[in-house]
Structure formats: structure tokens, C-alpha cells
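Because the structure is predicted, anything quoted here is derived from the model rather than measured. In what follows, chains carry the letters A, B, and so on, assigned in the order in which the sequence lines appear, proteins first and then strands, with residues in each chain numbered from 1.
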Amino acid sequence: MSQFWKPGTDRPRPCLVDDEEGGVLFYSTPPPSSSYGYANLEKQRQRLPVFKYRTAILYLVEYHSTVIIVGETGSGKTTQIPQYLKEAGWAEGGRLIACTQPRRLAVQSVASRVAEEMGVKIGEEVGYTIRFEDKTVQGVTKIKFLTDGVLLREMMDDPLLTKYSVIMVDEAHERSISTDMLLGLLKKIQRRRPELRLIISSATIEAESMSNFFRTRKKNDGHATDDNGLKTEPSILSVEGKGYPVEIHYVQEPVSDYLQSAVDTVLLIHEKEAVGDVLVFLTGQEEIDAAVQILVEKASDKTSHFSGLLVLPLYSGLSRSDQDLIFSQTPKGKRKVVISTNIAETSLTLEGVVYVVDSGFSKQRFYNPISDIENLVVAPISKASAKQRAGRAGRLRAGKCFRLYTEDYFVKEMPAEGIPEMQRSNLVSSVIQLKALGIDNILGFDWLASPPPEAMIRALEVLYSLGILDEDAKLTTPSGFQVAEIPLDPMVSKMIIAADTLGCSEEILTIAAVLSVQSIWVSVRGKHKGLDEVKLRFAAAEGDHVTHLNVYKGFLQSGKSSQWCYKNYINYHAMTIRKAILAGFFSHASQLEEYSQNGMYKTVRNSQEVYIHPSSVLFRVNPKWVVYHSLVSTDKHYMHNVIAIDPSWLIEAAPDFYQLKRPNPAIF
DNA sequence: GAGCACTGC
């Protein structure tokens with residue numbers, strides 16, 4: 001079938017897919033609820049020639065500007081569709097087929113699988129691009145895998161993405177900020193480039209809303225076409241996965257303590273169920289460590305049959321070597337139990353899992369645009385997530401999923417989908433990116449899901465105060481455009497630009513790098529004291545940022561710690577460094593309450609009550625004025641990464657901001 | 001004297 005239809009050529013319409021082996025694949029017209037076709041890959045393996053699936057894909061892509069693929073895990077859509085398109089000639093004439101993934105690791109592994117299947121070396125006909133790594137060759141690469149964020153960045157140079165004939169957006173149902181932005185922008189591009197084909201791969205639950213979003217003209221008319229006879233009505237093709245069935249078990253009554261319940265369920269599985277590893281979903285490190293401890297104690301009793309349990313924690317804060325333990329072969333006669341955060345839901349796949357225990361909760365970030373505070377809270381997961389978690393039990397053989405909530409709750413109360421990241425995040429980075437792409441009417445942008453207007457306004461306000469947007473909400477020259485080019489939080493970018501004139505770029509770049517990673521410290525259970533002592537060795541009076549700089553310098557000098565006598569040098573530079581930080585973070589200034597006994601500060605912007613986090617070197621030092629990098633909210637609002645400042649620097653850094661009573665109304 | 005779901009450019 002490699003000589004299949006050449007796109008754009010004039011030829012008779014292929015007939016509907018007629019399957020002589022029993023109608024496994026069919027194409028119905030007119031489509032019931034805009035759904036076409038159904039390909040069953042599992043059956044196909046035994047008795048359906050591969051070209052049936054290919055036929056359906058190519059037919060739909062040929063005649064529809066947008067195709068939505070509802071593909072379960074293991075359906076092979078990600079690896080097969082790009083190959084079909086290439087063979088059918090979609091990558092000819094110097095244009096490429098692009099396939100996005102939301103994660104770097106997925107990009108790499110999918111690309112190498114496809115290269116292997118096609119018998120080519122990666123970086124030639126099949127390539128990939130992720131940040132810091134470009135394995136493509138111009139003129140040679142035909143299928144290009146990339147993260148959605150990279151494709152967004154590419155739009156800054158080539159807004160219509162003219163290099164590509166087909167763009168496939170995989171895992172669109174995850175609704176990451178980048179994916180949502182990309183889909184909104186792709187819809188715009190389609191108006192200018194009607195020949196561009198989009199393939200959106202999504203879970204069942206999101207398919208209809210995706211379809212509605214891309215349905216552009218002549219609503220309610222399934223046969224709407226554009227001038228070229230191309231159907232503008234998106235088509236939906238569903239492809240079954242080859243995962244094994246997973247039996248779902250619910251609790252009879254709601255549980256009051258899901259941690260305890262998870263532990264009990266693991267013990268019960270070990271007692272009653274056949275061999276096979278267990279994966280438990282809890283919400284965070286603290287919970288996971290607690291559950292691990294309880295189970296390890298049970299397992300340490302050599303006389304009980306629980307000694308067969310091999311219990312391992314899994315979360316991103318673990319060191320790489322600890323994370324790798326979960327992939328080790330389960331010793332004979334043992335049952336591996338991995339207790340994990342959401343990292344095992346999408347990012348990491350454990351192959352031997354047969355039993356899943358689902359607490360029904362995960363930690364989720366919520367942003368309050370009014371207070372400008374991001375909260376990390378334990379919240380109920382969605383049905384989509386629950387399904388994904390359960391699916392983790394069916395990779396090896398038929399499995400079981402134990403849900404620690406009632407069926408009634410699942411059916412009646414659990415939300416179908418999670419809230420898109422777009423609607424619970426700070427939008428400063430997204431807004432500047434859209435502005436850089438020439439989208440001026442941000443509030444009128446056609447979002448798959450509109451973010452709260454308050455968040456949008458807050459983002460515009462912040463960018464205006466940073467001098468990145470002018471009074472007409474357009475990017476300023478050169479500052480605004482420079483900041484948009486730098487792939488960092490705009491406040492950090494502004495700091496970097498300011499460092500240039502203050503002559504401390506090297507130091508500020510180091511600090512920016514440290515601020516861009518989650519933490520430079522590795523968490524080791526029960527070794528908090530040691531870590532605190534090590535930190536003290538690097539502590540700088542100016543605050544955490546300069547302390548990070550010390551750490552980095554120490555790293556460069558690795559092994560020579562006793563000879564460090566940089567103190568004067570650091571003091572010399574500390575002032576200019578702090579001013580550069582302030583150029584970006586002036587709006588994060590806080591003042592110590594004069595009569596405060598407990599180190600209470602109030603933010604300058606909205607008099608929010610905040611405290612210095614105990615991990616800071618300035619904890620209990622309590623300088624009169626500080627600027628923080630971020631707020632972390634638990635029982636109190638804690639300032640993370642704090643430097644001491646002189647309040648006069650604030651006026652110097654942002655004279656408008658500190659005199660402005662109300663932000664300029666023109667930007668709304 | 002407290003705490004870090006997960007990604008990405």
C-alpha cells in the first residue's frame with residue numbers, strides 16, 4: 001500500500017472501507033454524532049490486514065482538515081499514523097510530518113521506536129527535537145517528533161508552521177498549557193492554511209469537545225466543506241488498544257482514611273491474590289513515606305507471610321538511583337509494591353503491575369489570581385485519571401484495580417475531566433508568548449477552555465509593570481521582545497536583562513539556573529539535620545539567591561571546600577546582584593511588620609500576610625525588607641528564596657509600579 | 001522551625 005493516494009492529486013474518491021473479514025472496520029455515512037469508522041487493532045492482528053487501519057486513516061486525513069483519533073493506550077496510533085502518512089506521500093515536496101508529545105521522554109522513545117520500525121537511523125528520515133537536543137537534518141528528516149512546547153517556540157520564527165503538511169498532537173486530552181495554546185493557534189493557522197491537516201489524538205472523554213472546537217463553519221452540517229472540497233467538520237476515528245481487561249473493585253462504604261485503607265488493601269491483595277506487582281497511587285511524599293514505613297514494618301516480620309513484600313516509594317524528589325529501584329526485577333517469591341505519586345500515571349510505566357490501588361486523590365495546583373498565590377492541594381481526581389490509573393494494571397495480563405471510593409461516588413460525583421491546567425495557573429508566560437506571536441486580543445483568543453478573566457488581567461498587569469507590555473498592551477521594544485525570546489519566567493528574564501547593565505550577568509545567570517530547577521537539594525529521608533548543616537556552610541547574609549551562588553561556586557571547586565574564602569568577593573558583588581533580582585521581582589517585595597513577634601511580613605502589593613520559609617538562610621534573621629522568588633502556601637503563606645533589600649531600590653527598579661495606585665486601564 | 005503533584009521552553 002505504499003503507493004497509496006498522493007495527497008492533492010485528482011482521483012476518484014475511494015470507496016468506503018469494505019472489510020471482507022467480517023466488517024471489523026466500517027465507515028458510516030452520514031456519520032452518527034460525527035463519528036466515523038472503528039478500527040480494532042487487537043482483532044486486526046489476527047485476521048485484519050494492516051492496510052485496513054491505514055486505509056481509514058489516510059481516507060480521513062485526505063478529506064478532512066481535522067481528524068480526531070480516540071486511541072487507547074497501546075493502540076499504536078502514535079507510531080503507526082506518521083509512517084502511514086509518510087508512505088502516502090505527505091512528507092514530499094520538502095514538507096514534514098510533525099508529531100507532538102507533552103513530555104521529552106515520550107518524544108525520544110516514540111521517535112526511536114518509529115525509526116526502528118522503519119529501519120532507519122534516528123536523526124535521519126525520522127528525527128526529534130526537544131529542548132537542548134535537535135536530532136533532525138534539514139531536507140532529510142520527514143517525520144519529526146517534538147514536544148508541544150518546542151512547536152510553540154518554532155511558531156515565533158514561522159507563525160504559520162509552513163514546514164509542516166500534517167501536525168499530529170498526541171495526548172491532547174491531558175490538556176497541558178502548551179497543548180491548549182497550540183490547539184488554539186493551530187485553529188487560527190488552519191484558516192490561513194486550509195491545506196494543513198491536523199490529527200488530534202485524545203481520550204474518549206475529550207473527543208467531542210475537541211470536535212466542537214475545531215468545527216469551524218456551518219454548524220450542525222456534518223458535510224460542510226471548504227472551497228477545495230475539504231470537509232471542515234472534524235472526523236472522529238476510534239482505535240481500540242491492546243491492553244488487557246482490568247476488573248474494577250470499589251469499596252462498599254466511603255473510607256475515612258485513604259492512607260490506612262491503601263495499606264490494608266495492599267495487605268489484602270498480598271494475602272488473597274495471585275502473583276503480580278502492586279501499584280498504589282497516593283498524593284505526595286509525606287503520605288508515601290508513611291505508607292512505605294508501615295508496610296516495611298509488616299514485611300520485616302520474617303515469620304509472617306508479609307515478608308514477601310518488597311515495598312518501594314516513587315516520587316520525583318527521589319534521587320535517580322532510588323527511582324531506578326522500581327524497575328529492578330522482582331526477586332522470586334517476592335511481590336513488589338510501588339507506592340507512587342501521579343508520576344506513575346503518565347510519566348513512568350511499570351511493566352509488571354497487575355494490581356492498582358487508587359486513592360482517588362492527587363495533588364493539584366490551583367492559582368488564585370486575586371491574591372496571586374498558587375496553592376498545591378489534595379483534590380479528587382477525574383474519571384479520566386481514574387481510568388488511566390486502572391489501565392496501569394492491564395499491561396502484563398488481565399489485572400485488578402481497587403478504588404478506595406464507592407461506585408456511587410465514581411458514577412455520580414467524580415468529575416468527568418480534570419480542570420485544564422490553563423484554568424488553574426499563572427498565565428504570565430502564556431500571555432507573553434501569545435503577544436510575541438502577534439495575538440493582540442488575548443481576551444478574545446479562541447481557547448479550548450477560557451482561562452479566568454481575572455488571571456488574564458493579572459498577567460497583563462504584571463507584564464505591564466515589568467515594562468514588557470506598553471499601555472496599549474503591545475510588546476515593548478526592545479525589552480518586551482527580548483524577554484519573550486528567553487524561555488523562562490518573564491520575571492527571571494527581566495532580571496537577566498537587568499544584570500547586563502549592572503555587570504553581574506555571570507552571577508545572575510547562575511542564580512536564574514538554580515531558580516529554574518525544583519530544588520538543588522536532594523531529599524534524603526531522616527537526614528534533614530545534615531542538610532541544614534551543609535546549607536549553613538554556604539549561607540550568605542544577603543539571602544537565599546546569593547547562597548545558591550555560593551553553592552554553585554563550591555560545586556565548581558568541588559573537593560576544596562576548606563579553602564573557600566570568597567566572602568569579601570561575594571559581598572562586593574552582592575549589592576548589584578540583588579538589584580538585578582529586583583529588576584524582575586520588585587513586585588514580590590514584603591515588609592516586616594514593625595511589632596511582629598513571629599516574623600510576620602506583609603506584601604507591598606496587597607498586604608498579604610506572609611512569612612519567611614524555615615528553609616531560608618534568612619529565617620529568624622527577619623530583615624526589614626525582603627523580596628521573595630515564590631510563595632508556597634500551607635498553613636501559612638511562606639516566602640521561598642528570599643533576599644534582603646533596601647526599600648529605596650524598589651523605587652529605583654520600578655518607579656511606576658511603586659507610585660501607581662491603579663494599573664493602567666488601557667491594558668484591559 | 002517546616003516541607004517539595006507533574007511537566008515544559
Side-chain angles (χ1 to χ4, degrees), chain A residues 100-107 129-134 146-156 171 174-182 281-289 314-318 323 340-348 359 361-366 374-381 385 388-389 418 421-422 424-425 429-430 432-433 436 483-490 492-493 512-513 516-525 528-529 531-532 535 598-599 611-622 630-641:
Chain A
T100 74
Q101 289 284 334
R103 281 171 290 276
R104 295 162 54 89
L105 202 70
V107 168
T129 307
I130 54 181
R131 191 186 189 182
F132 303 130
E133 201 178 342
D134 182 14
L146 67 175
T147 43
D148 43 16
V150 168
L151 195 58
L152 273 181
R153 282 274 149 190
E154 285 190 1
M155 288 182 72
M156 285 175 69
E171 313 285 9
E174 286 187 25
R175 305 297 301 275
S176 70
I177 287 187
S178 295
T179 297
D180 271 22
M181 284 175 63
L182 194 58
F281 286 102
L282 292 178
T283 69
Q285 176 176 344
E286 201 179 336
E287 263 173 35
I288 290 169
D289 287 343
L314 177 62
Y315 41 84
S316 72
L318 281 178
Q323 279 192 22
S340 172
T341 60
N342 250 9
I343 194 171
E345 194 178 302
T346 48
S347 302
L348 285 175
S359 64
F361 290 93
S362 70
K363 279 196 184 171
Q364 291 160 40
R365 189 181 55 213
F366 289 94
E374 284 187 334
N375 274 308
L376 202 57
V377 293
V378 173
I381 61 168
S385 260
Q388 175 76 13
R389 287 180 172 187
E421 195 185 6
M422 198 77 193
R424 43 185 182 85
S425 302
S429 294
S430 309
I432 194 170
Q433 209 158 5
V483 168
E485 285 283 325
I486 302 174
L488 293 170
D489 176 338
V492 177
S493 308
S516 299
V517 299
Q518 226 170 39
S519 170
I520 57 166
W521 311 106
V522 181
S523 113
V524 183
R525 258 182 294 159
H528 294 304
K529 273 241 166 72
L531 178 61
D532 285 349
K535 271 188 191 168
N598 59 349
Y611 297 82
I612 295 182
H613 192 274
S615 68
S616 168
V617 296
L618 295 183
F619 178 68
R620 277 205 293 240
V621 176
N622 292 338
S630 58
L631 282 183
V632 172
S633 304
T634 49
D635 57 324
K636 292 174 183 170
H637 299 308
Y638 286 103
M639 298 182 280
H640 251 275
N641 290 319

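Rounded to whole angstrom, the span from the NZ atom of A:Lys636 across to the P atom of B:dC4 amounts to 14 Å. Atom CD in A:Gln364 sits about 15 Å away from atom P in B:dT7, given to the nearest Å. Atom pair A:Ile486:CD1 and B:dG8:C1' shows a separation of 17 Å (rounding to whole Å applied). Note: CG (A:Asp180) to P (B:dC9) measures 17 Å, nearest angstrom. The distance between atom OH of A:Tyr611 and atom P of B:dA2, rounded to the nearest whole Å, is 12 Å. In this structure, the CG atom of A:Leu618 is 16 Å from the C1' atom of B:dA2, given to the nearest Å. Computed from coordinates, the A:Asn375 CG to B:dA5 C1' distance equals 13 Å when rounded to whole Å. Between the NZ atom of A:Lys363 and the C1' atom of B:dT7 there is a distance of 17 Å, given to the nearest Å.
Checking B:dG1, B:dC6, B:dC9 against the side-chain heavy atoms of A:Arg620 singles out B:dG1 as nearest. Out of B:dG3, B:dC9, B:dC4, the shortest distance to the side chain of A:Tyr638 is found at B:dG3. With distances taken from any side-chain atom of A:Arg153 to the nucleotides B:dA5, B:dT7, B:dC9, the minimum falls on B:dC9. Here the side chain of A:Ser316 is nearest to one of B:dC9, B:dC6, B:dT7, namely B:dC6. Nearest to the side chain of A:Phe619, among B:dA2, B:dG1, B:dC4, sits B:dG1. Checking B:dA5, B:dC9, B:dT7 against every side-chain atom of A:Arg103, the shortest atom distance belongs to B:dT7. Nearest to the side chain of A:Tyr315, among B:dT7, B:dC6, B:dC4, sits B:dC6. Nearest nucleotide to the side chain of A:His613, out of B:dC6, B:dG8, B:dA2: B:dA2. Here the side chain of A:Ile343 is nearest to one of B:dA2, B:dC6, B:dG8, namely B:dC6. For A:Ile130, taking side-chain heavy atoms from C-beta onward, the closest of the listed nucleotides B:dA2, B:dA5, B:dC9 is B:dC9.
Residue A:Val632 is classed as a sugar-phosphate contact, given heavy-atom separations below 4.0 Å to backbone atoms only. Base engagement by A:Arg365 is indicated by at least one non-hydrogen atom pair under 4.0 Å involving a base atom. The residue A:Ser178 sits apart from the nucleic acid: no heavy atom pair falls under 4.0 Å. Counting any heavy atom pair closer than 4.0 Å across all strands shown, A:Thr147 reaches sugar-phosphate atoms only and no base atom.
Every side-chain contact (heavy atoms from CB on, under 4.5 Å) that A:Thr341 has, sequence neighbours left out, goes to A:Ile288, A:Tyr315, A:Ile343. Every residue two or more places apart in sequence or in another chain was checked for a side chain to side chain donor-acceptor pair (under 3.5 Å) with A:Ser178, and none qualifies.
For A:Glu287 and A:Lys363, the salt-bridge test fails: no basic side-chain N is under 4.0 Å from an acidic carboxylate O.
For B:dC6, neither phosphate oxygen OP1 nor OP2 lies less than 4.0 angstrom from any side-chain nitrogen or oxygen of A:Ser347.
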Check the pair A:Arg103 / A:Glu174 against side chain to side chain contact (heavy atoms under 4.5 Å, CB included), numbers first and verdict last.
CA-CA 11 Å; A:Arg103 281 171 290 276; A:Glu174 286 187 25; 2.9 Å; yes
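With a 4.5 Å cut-off on side-chain heavy atoms, A:Glu485 and A:Met156 count as touching.
Between A:Pro614 and A:Asn342, the residue whose closest nucleotide on DNA chain B is further toward the 5' end is A:Pro614. If you find the closest nucleotide of DNA chain B to A:Gly284 and to A:Ser429, the one lying nearer the 5' end belongs to A:Gly284.
Between the side chains of A:Ser385 and A:Glu345, at least one donor N or O lies within less than 3.5 Å of an accepting N or O.
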